[in-house]
Each structure stands twice: as structure tokens, then as C-alpha cells.
Amino acid sequence: MKNLGKWLGLLLALLLVAGGVGWYAWNQQALARGNPWLKGEQGAARAGQLARESGMAVLYVIESDKCRRCKLLDKALWQDPALTSTLAGLIKVRLNPSAGDGSERVLRRFPKVNTPPGIYLQQGGGPLKPIQIVVDIEQIWMPGVTYRRGFFMPLSVAGFDAVLRTTLALDDPAFVSLAP
């Protein structure tokens with residue numbers, strides 16, 4: 001009878017753990033479904049409206065159809081389930097000038113991106129703040145006291161989250177020149 005109590009206790013503990021893991025996975029998928037990537041000119045307009053209503057920051061990702069780095073970054077970072085909760089706190093917009101969705105008109109307000117991907121943050125209609133990622137060597141720029149006084153660090157979900165928070169908090173006059 002003693003062993004039966006231990007087994008029932010162990011079974012109950014396992015069920016609680018499995019239930020917790022299932023709830024977490026379901027919640028992460030719900031977060032992703034409730035905040036999808038917006039695209040093109042209509043997506044950028046919707047993002048502006050959502051940002052004004054919610055106060056959330058907007059993440060703009062400038063891509064190209066034939067961009068190898070864009071595909072690598074998408075697979076390595078944007079599709080990573082560990083980044084779901086971080087991305088859920090942002091309004092996300094993909095802009096592709098060759099997609100025929102009006103992205104080229106939106107991109108007239110952005111600094112020219114010579115080699116995609118280009119990544120920018122904007123909060124409260126303020127200036128665009130760049131996030132620099134070197135996909136080929138898996139590095140991301142971490143701003144320091146000012147944007148230009150930073151350093152490269154390994155690209156990871158935790159690294160992106162740290163750069164995101166630092167960039168949003170940074171009040172650097174260099175960003176004023178990037179206002180749309």
C-alpha cells in the first residue's frame with residue numbers, strides 16, 4: 001500500500017508537469033496567432049494605427065525575395081519559438097520592395113538599405129532606430145551609452161531581446177536624423 005501512494009504521487013506530479021508544458025506551448029502559439037506579421041503598405045498603415053492605440057513599438061524588417069540572408073535570419077531568429085513572447089510585445093511589419101504590395105512607397109521614408117535585411121524599431125511615432133545584424137557571422141550590434149558606442153555580440157534570442165530593450169530605451173540624438 002505504501003508503494004501505491006508513492007506511485008500515485010509520482011503520477012500526479014508528472015501529470016501536473018505535462019499539463020504545465022502543454023499550457024505553455026498552447027499559450028505561445030496563441031500569442032503568435034494573435035499578433036501576426038503585417039506586410040506591405042497596408043500592413044505599415046495598420047501598424048501605425050495599432051502603435052497609436054496600444055503604445056507598442058513597431059519592428060520593421062526590410063527584406064528581398066532573393067535575399068539569402070533574409071531567409072537565414074527568418075529561420076534562425078524570427079521563427080524561433082523562444083522569441084515568440086518577445087515578438088508578441090511588438091507590432092511586426094515585413095517590407096519587401098519587389099513584392100508589389102506598396103512596400104516601395106513605405107520605404108521612401110526609410111534610410112536606404114543596400115544589403116537586406118534591414119531592421120528598424122519605432123516607438124510612439126518617434127525616429128527609426130536601427131538594429132544591425134550581420135547574419136553571415138551571426139552577430140548583433142549592442143548599443144552602448146550611445147548607439148555608435150557599442151559592440152557586436154553573438155546573435156541569439158537572448159541577445160536580440162537585450163538589444164531590443166536597450167535600443168528602445170536609448171535616447172540618442174543620432175536617431176533624430178532617422179526620423180521618417
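Note that the coordinates shown come from a computational prediction; the quantities given were computed from them, not determined experimentally.
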Tell me if a side-chain donor or acceptor on N35 pairs with a main-chain N or O of L90 at a distance below 3.5 Å. yes
Does I131 belong to the same Ile/Leu/Val/Met/Phe/Trp/Tyr cluster as F151, with side-chain heavy atoms less than 4.5 Å apart forming each link? yes
Among K39, R94, K71, R69, which residue meets the salt bridge (charged side-chain N to carboxylate O under 4.0 Å, His left out) test with E63? R94
Using 0.5 Å steps for rounding, measure from the CG atom of D136 to the CG atom of L73. 11.0 Å
Looking only at heavy atoms, which two atoms of T166 and P143 are closest? And how far apart? CG2-O, 3.7 Å
Determine the minimum heavy-atom distance between P154 and I140, stating which atoms define it. O-CG2, 3.9 Å
Working to the nearest 0.5 angstrom, can you tell me the gap between Q122 CD and L59 CG? 11.5 Å
If I take atom CG from residue L155 and atom CG from residue L72, how far apart are they, to the nearest 0.5 angstrom? 11.0 Å
How many angstroms lie between CG in L77 and CG in L83, if you round to the nearest 0.5 Å? 5.0 Å
With Y120 as reference, evaluate V93, I62, T167, L95 under the side chain to side chain contact (heavy atoms under 4.5 Å, CB included) test and give the passing residue. I62
Check whether any side-chain N or O of T84 sits under 3.5 Å from a backbone N or O of P81 as a donor-acceptor pair, and report yes or no. yes
Check: K129 side chain, L164 main-chain N or O, donor-acceptor pair, under 3.5 Å: no
Determine, step by step, whether L50 and M56 satisfy the side-chain contact (heavy atoms from CB on, under 4.5 Å) criterion, reporting the C-alpha distance in whole Å, the side-chain angles of both residues, the deciding distance to 0.1 Å, and the verdict. CA-CA 8 Å; L50 289 171; M56 292 170 61; over 6 Å; no
Closest approach of A51 and V58, non-hydrogen atoms and distance? CB-CG2, 3.8 Å
State whether the number of non-hydrogen atoms from other residues, nucleotides or ligands found under 6.0 Å of E138 atom CD is greater than 12. no
Which heavy atom in I91 sits nearest to a heavy atom in A47, and how many Å separate them? CG2-CB, 3.6 Å
What one should report as the nearest heavy-atom pair of S64 and C70 is N-SG, 3.8 Å
Yes or no on side-chain hydrogen bond (donor to acceptor under 3.5 Å, both in side chains) for N96 and D65, after CA distance, side-chain angles and deciding distance? CA-CA 7 Å; N96 181 341; D65 288 337; 2.6 Å; yes
Pairs flagged by ring-ring contact (aromatic ring centres under 6.0 Å, His included) wherever residues 57-106 is involved - sequence neighbours left out: W37-W78, Y60-F110, W78-F160
Check whether W141 reaches the backbone of Y147 with its side chain - one donor and one acceptor, N or O, closer than 3.5 Å. yes
From Q139 CD over to Q132 CD, what is the distance, rounded to the nearest 0.5 angstrom? 10.5 Å
Please report the shortest heavy-atom distance between V135 and P117, naming the atom on each side. CG2-CG, 4.2 Å
Is the side chain of R52 donor-acceptor paired with the backbone N or O of G48 at a distance under 3.5 Å, no angle test? yes
When you look at CD of Q79, are more than 12 heavy atoms from neighbouring residues, nucleotides or ligands closer to it than 6.0 Å? yes
Measure the shortest side-chain to side-chain distance between E41 and D101 over non-hydrogen atoms and say whether it is less than 4.5 angstrom. no
Spatial distance of atom OG (S85) from atom CG (D161) [nearest 0.5 Å]: 7.5 Å
Are L170 and V145 in one and the same hydrophobic cluster, where Ile, Leu, Val, Met, Phe, Trp and Tyr link if side-chain heavy atoms are under 4.5 Å apart? no
